[in-house]
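Data block below; observations after.
Both counts, for ligands and for their atoms, begin at 1 and track the order of listing. Reckoned from all heavy atoms, side chains included, excluding hydrogens, waters and symmetry mates.
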Amino acid sequence: MKNERFGAVVVGGGLAGMLTALELRPLSVALVSYRALGELTSSAWAQGGIAAAVGDDDSPSLHAADTVRAGAGLVERHVAARLAADAPEAIERIASLGVQFDRDAASEYSLGREAAHSRRRILRAGGDATGAELVRAMAEGVRHAPTIVPFEGARALDIVTSDGRVCAVVVRNAEGALERLTTDAVILATGGIGGLYSHTTNPRASVGAGIAIAARAGARLEDLEFVQFHPTALDVPSDPLPLVTEALRGEGAKLVDAAGRRIMEGIDPALELASRDVVARRAFAVRVAGERVFLDARALGESLPKRFPTVFAACMAHGIDPRLEPIPVVAAAHYHMGGVAIDLEGRTSVPGLYACGEVAATGVHGANRLASNSLLESVVYPERIARDVKTHARAERGIAGTDDKAIATRPYVAGRDDEWRAVRREMYANVGVERDEAGLGHALAAFRALAETTPSDEVRDAATTAALIAQSALRRRETRGSHVRLDYPGSALHSEHSFATLADLVPSA
Ligand SMILES: Cc1cc2nc3c(=O)[nH]c(=O)nc-3n(C[C@H](O)[C@H](O)[C@H](O)COP(=O)(O)OP(=O)(O)OC[C@H]3O[C@@H](n4cnc5c(N)ncnc54)[C@H](O)[C@@H]3O)c2cc1C
C-alpha cells in the first residue's frame, strides 16, 4: 500500500471540507473527495442562502434566539450564541476568498427572509444559486493552493488509530488502489445522510459514510434520530428530487391542496412560515390522506425566473410553468441535525479526529435546524478547527506504527441496486417523517443484517449508519421537533441529547 504523510487529511469535497483545507494553510493537506471538488455535494445545490446577523435591525443575540426557538428545546445556547456571534466575521472571510454575494444598489448585502427567522438575514449569491457560488470560489482557492493535494475520485474507507489517537486514513484512490495517508489530524467533512432515503433532496453520495467511519474509530455520535424533512421538494419522477426553496414561501408563495385550500390554516399561526418540521408533517399528512400538495407561487409572476432561476429551471424541465400553475411538492429527507459529536473547536471524542459541516453534531440545531444555519456552520467551524490543528500540530515524526493490519484488505465490491433500494425504502417508510416502535424495530433488524452480510464496503457503511439512526429513533420515546413518534405523541418534560457509539448497536439476534 502506498504511504504518504500530511499535516492533516480532510475527507469531503464540499464547502466544509474545502474551506477547512484552505484554513489549514500552510500545513500540507490531503483533500479526499469522492468526486471532483464540489461535485455531487449538498453544498453546490444550496439555494436559500447563509444566515448572518449583518442587517442594521439585527444582532447575533436575535439570531441565536431564533436558532434556540427552532430547535425544540435541544439547542445548546452557548453554542448557538457563539455561532451567531462568529457569523459576520466568517462571511467577511469567505468574501475575501472570492465569494460574490448579492448586493443592493448601495453595495450593501441584499438580505432575504426565511421561515422562523425574525429578521431579514439570509445572504445569497446568484439569486438562488448560493451554494454553486460558494463551491466555485472554494474550489478555485484549493486549486491555487500549493500545499493542498486534492485526491479526487477517492473514497475514505477507514481511520487508523494508534493508542487511541488518529494516525492515518485508508483511501481507495481513483485508480481503485488502496493508499494510506499518514497524519496526526483527520477532519471528516463527508456531508449528510439524505441519500439513505428514497425521497431526498441530497446527492446520492450523501449516505452517511462519515458517521460509520467515525463510529468504527470509536467516536461518540449525537442526536442521530433528528433528520429534517423539507416540505417542498418538487414532486416529479426524479432521484434525487429538486428542491423548491423555502425562500419562495418567504416571498409569499402558499401551500395548497388540489382544490386550492391553504393547508397550513388552522395548523400554525405562522402558516407557511411555521418551522420546517411543522410544515413537513402537515404536507406529509395531506399526502397520506390521498391528496397532493402544491406550492402556489403564481403571485410572484414574471419576477420568479429572475429571482429563483434554479427553481424555475427545475420546474420547466418537468413541464411545469410556476408562473401559470401551482408547483407539486412532497416532503423529502433534507438535512441531518445529528452526527459525530464535536465540541466548540470541532474536536470529536477521538484525539486527532475532527468533524465539520453536516456530518458533525455541534448541538446548535437541536431537534430542528433553522434554515440557512447549516451553510453557516460549514463556514464558521473550519477556522476554529484549523486553529486547533495548528496549535496541536506535532513535529514530523516519520511514519507511526499502527493497528491497521486488518483494515481495507477487501477488494472493491459495488453495492447492488436491490441492496440500496431496500435501505432507502425502509428508511422512508419506517425511519421517516412519522415513526413508531414496530416500524423502527423492523428497520433496525434489516439494517443490522445487511451491514453484517453485504460484501460491499459502501453498503456496509450505509447500513451501519442507517441502523444507528433507527436505534437512536427507537430509544427516543417522545415527539420532539423533526422526530415524530406516533406511539409517543407528547414531548418529554425534560429532554436531553442522545449519544451512541458503535458498541451500543445491539447485535442482530
Ligand atoms: C438541495 C439542498 C439545498 C440546501 N439549501 C441550503 C441553504 O440554502 N442554506 C443552508 O444553510 N443549507 C442548505 N442546505 C444544506 C447544506 O447545503 C449542507 O448542510 C451543507 O452544504 C453541507 O456541507 P458539507 O461540506 O458538510 O457536505 P457536502 O457539501 O455534502 O460535501 C460532502 C462531500 O463529502 C463526500 N464524501 C462523503 N463520504 C466520503 C468518503 N467516504 N470519502 C470521500 N468523500 C466522501 C461527498 O461525496 C461530498 O463530496 C441544502 C441542502 C440541499 C441538499
Can you sort out which atoms of ligand 1 are near [X], meaning under 4.0 Å from one of its heavy atoms?
X: A16; value: 25 (O), 26 (O)
X: T201; value: 1 (C), 53 (C)
X: A189; value: 32 (C), 33 (C), 34 (O)
X: G14; value: 25 (O), 29 (O), 31 (O), 33 (C)
X: L243; value: 1 (C), 2 (C), 3 (C)

If you take the nearest heavy atom of each of [options], which one is closest to [atom]?
atom: atom 21 (O) of ligand 1; options: G17, P242, S43; result: S43
atom: atom 9 (N) of ligand 1; options: G48, G49, A247; result: G49
atom: atom 14 (N) of ligand 1; options: E377, R369, H230; result: R369

Is there a heavy atom of [X] sitting under 4.0 angstrom from any atom of ligand 1?
X: V11; result: yes
X: S372; result: yes
X: Q47; result: yes

N or O pair under 3.5 Å between [X] and ligand 1:
X: H334; value: no
X: A46; value: no
X: N202; value: no
X: S42; value: yes
X: G357; value: no
X: L375; value: yes

closest protein heavy atom to atom 18 (C) of ligand 1 is E358 OE1, 3.3 Å
Looking only at protein heavy atoms, what sits closest to atom 42 (N) of ligand 1 is A156 N, 2.9 Å
>> Can you tell me how the ring of F226 sits relative to the ring of H483, calling it parallel under 30°, perpendicular over 60° and tilted otherwise?
In response: perpendicular
Requested in this report: Decide whether D277 and S482 meet the rule of one side-chain donor and one side-chain acceptor closer than 3.5 Å.
Outcome: no
**Request:** Answer yes or no: is there an ion pair linking R384 with D86, defined by an N-O contact shorter than 4.0 Å?
**Result:** yes
Charged N-O contact under 4.0 Å between D128 and R307
no
At under 4.0 Å between heavy atoms, what of A154 touches ligand 1? The answer is backbone
Within the 4.0 Å heavy-atom cut-off, what L157 brings close to ligand 1 is neither
